[in-house]
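What you see below is based on every heavy atom in this structure, not just the backbone, and it leaves out hydrogens, waters and symmetry mates.
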Amino acid sequence: MNPLRLLPLTLALCAGAAAAQYPDHPVRVVVGFSPGGPTDVVARAFASYASQALGQTFVVENRPGANTILAAEAVAKAAPDGYTLLIGATNHTMIPALYADRVKFDALKSFTPICAVAVSPTVLVTGPALKVNTLDDFLARARAEPGRLTYATPGTGSSGHFATAQFLQQTGIRMNHIPYKGAAQAISDLMGGQVDSSLATLGSVLPQVQSGKLTALAVAAPKRLAQLPQVPTFDEAGVPGYAADAWYGVLAPAGLPPDVRARLQETARGFARADATAKSLDALGMQPRELCGDAFGAQLSHDIDTNRKLAQELGLKAE
């Protein structure tokens, strides 16, 4: 028999064996934010679970900067072998709306979607310098002083930026955007009175709200949250239909072998279903989510299209 005829079979068997052994050395889990924020917390929880489930070390690598572009680019350029993963968040789908001409990757085509594993509702919070206790009071103040009140976000093009732009469009108020390089400094300045408000993920402000350092005016959720039962939904507070939440998910470089993709999806599903995950996320105002494979890819595509249209309608631009 011609040995060349056996070559494809030999290669296929080798590839299958390699996938079956995955992972056989440490895996990098890249995060586009500094340590301590919600995305980092999800990444570390997933890395810990995956390390135990797969018997190999998953190491979190924080690469903050440029609205998570640096982290996404590093993963997009990595070998598609399953040893470099991205823990992305909602703002990943906002990159094309503002930075399409600046980045060297496609937010959809350059990645293999594994699973979205967690979700966090958004909450409107104010600091002690702004003496308002209800959403009605906040809107009245904003309308009385157009463009004077400020809102903090983790950065231009962040999920908080888009969520607030949508809120401003829906309510017809004008406010001044103060972008930061991450949520931690934004929340610190909000507590210190340097900025007036923020539409933030619950996970990034829950301890401050519970301790009374920040005031929560409304939550963007279908019903009141168990962690903040006294805080009304936007529907209840007079802004019906306003919705904004943040997802957190696992992505890999495009071209990932199907067997490796399947093993990572199985691991991500296990993480989302674990009782320990639900308990740890609940303490941070998040809930597990299990949206995998093509369904996760469809969500990414939908969000990218929606955010492009929103940026065009509202004239949002990179700063």
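We find the CG-CD distance between N176 and E145 to be 13.0 Å, quoted to the nearest 0.5 Å. Rounding to the nearest 0.5 Å places CG of L108 at 6.0 Å from CG of D106. The distance from atom CG of L228 to atom CG of L206, rounded to the nearest 0.5 Å, is 5.5 Å. Note that OG1 of T306 is 10.0 Å distant from CE of M94, once rounded to the nearest 0.5 Å. Between atom CD of residue Q52 and atom OG1 of residue T267 there is a gap of 12.0 Å, rounded to the nearest 0.5 Å. The OG atom of S51 sits 8.0 Å away from atom CD of Q56, with the distance rounded to the nearest 0.5 Å.
In this structure, F111 and F105 have perpendicular ring planes: the angle between them is above 60°, well past the 30° mark.
Side-chain contact between R28 and V75 is absent, with no heavy-atom pair separated by less than 4.5 Å. You'll find the side chain of C292 reaches within 4.5 Å of the side chain of R269, heavy atoms only. Counting only heavy atoms from C-beta outward, the side chains of P38 and M286 approach each other to under 4.5 Å. Looking at heavy atoms from C-beta onward, P229 lies out of side-chain contact with R224 at the 4.5 angstrom threshold. Between L300 and L251, the closest side-chain pair of non-hydrogen atoms falls below 4.5 Å. Residues I187 and V205 are in side-chain contact: their nearest non-hydrogen atoms beyond the backbone lie under 4.5 Å apart. Residues Y180 and V195 have side chains in contact (heavy-atom distance under 4.5 Å, counting atoms from C-beta outward). With a 4.5 Å cut-off on side-chain heavy atoms, L225 and P121 count as touching.
A side-chain N or O of H177 and one of T153 form a donor-acceptor pair less than 3.5 Å apart. In summary, the side chains of S159 and N91 do not present any donor paired with an acceptor at a separation below 3.5 Å, with no hydrogens or angles considered.
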Might you work through the salt bridge (charged side-chain N to carboxylate O under 4.0 Å, His left out) test for E313 and K309, ending with a clear yes or no?
CA-CA 6 Å; E313 291 173 3; K309 292 175 183 176; over 6 Å; no
Would V125 and Q208 satisfy side chain to side chain contact (heavy atoms under 4.5 Å, CB included), going step by step from the backbone distance to the final call?
CA-CA 10 Å; V125 292; Q208 294 86 348; over 6 Å; no
Step by step, would you call H92 with L86 a side chain to side chain contact (heavy atoms under 4.5 Å, CB included)?
CA-CA 10 Å; H92 180 81; L86 175 70; 4.2 Å; yes
Could you walk me through whether L168 and R174 pass the side chain to side chain contact (heavy atoms under 4.5 Å, CB included) test, one step at a time?
CA-CA 6 Å; L168 298 182; R174 289 194 296 114; over 6 Å; no
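Among all heavy-atom pairs drawn from P96 and I304, the shortest one is CG-CG2, 4.0 Å. The minimum heavy-atom distance between A71 and G32, with the atom names listed, is CB-CA, 3.5 Å. Scanning both residues, A74 and R63, for their nearest heavy atoms gives CB-NH1, 3.2 Å. G157 and F162 get closest at one heavy-atom pair: CA-CE1, 3.8 Å. The nearest pair of heavy atoms linking N307 to A97 is O-CB, 3.6 Å. Taking both residues in full, the closest heavy atoms of I114 and A268 are given as CG2-CB, 4.4 Å, listed atom of the first, atom of the second, then distance.
The neighbour count for Q287 CD, taken as heavy atoms of other residues, nucleotides or ligands under 6.0 Å away, is above 12.
Put simply, the side chain of S204 never gets that close to the backbone of A200: no donor and acceptor are under 3.5 Å apart. Listed for the S158 side chain is a donor-acceptor partner under 3.5 Å among the backbone atoms of G155. Distance alone, capped at 3.5 Å, is enough to place a donor-acceptor pair between the T150 side chain and the D196 backbone. Judged by distance alone, with hydrogens and angles left aside, the side-chain atoms of S301 form no donor-acceptor pair with the main-chain N or O of G297 at under 3.5 Å. With hydrogens and angles disregarded, no donor-acceptor distance shorter than 3.5 Å links the side chain of N67 to the backbone of I69. Remark: the backbone N or O of A116 is not paired with any side-chain donor or acceptor of R289 at under 3.5 angstrom. Judged purely by atom type and a 3.5 angstrom limit, T277 uses its side chain to pair as donor or acceptor with the backbone of F271.
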Please tabulate, for the side chains in residues 238-250, all donor-acceptor contacts under 3.5 angstrom to protein atoms that are two or more places apart in sequence or on a different chain.
| residue | atom | partner | partner atom | Å |
| --- | --- | --- | --- | --- |
| Y242 | OH | A163 | O | 2.8 |
| W247 | NE1 | D303 | OD2 | 3.2 |

For residues 214-223, which side-chain donor-acceptor pairs fall under 3.5 Å, sequence neighbours excluded?
none

Using distance only, find each side-chain donor-acceptor pair of residues 42-50 under 3.5 Å and give its atom names and separation, not counting sequence neighbours.
| residue | atom | partner | partner atom | Å |
| --- | --- | --- | --- | --- |
| R44 | NE | D40 | OD1 | 3.0 |
| R44 | NE | D40 | OD2 | 3.0 |
| R44 | NH2 | D40 | OD1 | 3.4 |
| R44 | NH2 | N62 | OD1 | 2.9 |

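With sequence neighbours left out, the salt bridge (Lys or Arg N to Asp or Glu O under 4.0 Å) criterion links D101 to no other residue.
Residues L54 and V117 share a hydrophobic cluster, clusters being chains of Ile/Leu/Val/Met/Phe/Trp/Tyr side chains in contact below 4.5 Å. Follow the hydrophobic side-chain contacts under 4.5 Å out from L135 and you never reach V123; the two are in separate clusters. Linking ILVMFWY residues whenever their side-chain heavy atoms come closer than 4.5 Å, directly or via other members, places L264 and V29 in the same cluster. Two different hydrophobic clusters hold L199 and L190 under the rule that ILVMFWY side chains link at heavy-atom gaps under 4.5 Å. Cluster annotation: L98 is connected to L314 through the hydrophobic network of ILVMFWY side chains, with a link wherever side-chain heavy atoms come within less than 4.5 Å.
The residues K279 and D282 are annotated as not salt-bridged, no charged nitrogen and carboxylate oxygen being separated by less than 4.0 angstrom. With salt bridges taken as basic N to acidic carboxylate O contacts below 4.0 Å, none links E73 and K104.
Checked against the 6.0 Å centroid threshold, F167 and Y151 do not count as a close aromatic pair.
Residue pairs meeting the side chain to side chain donor-acceptor pair (under 3.5 Å) criterion with at least one member in residues 112-135, sequence neighbours excluded, are T134-D137. Here ring-ring contact (aromatic ring centres under 6.0 Å, His included) pairs that include residues 190-212, with residues two or more places apart or in two chains, number zero.
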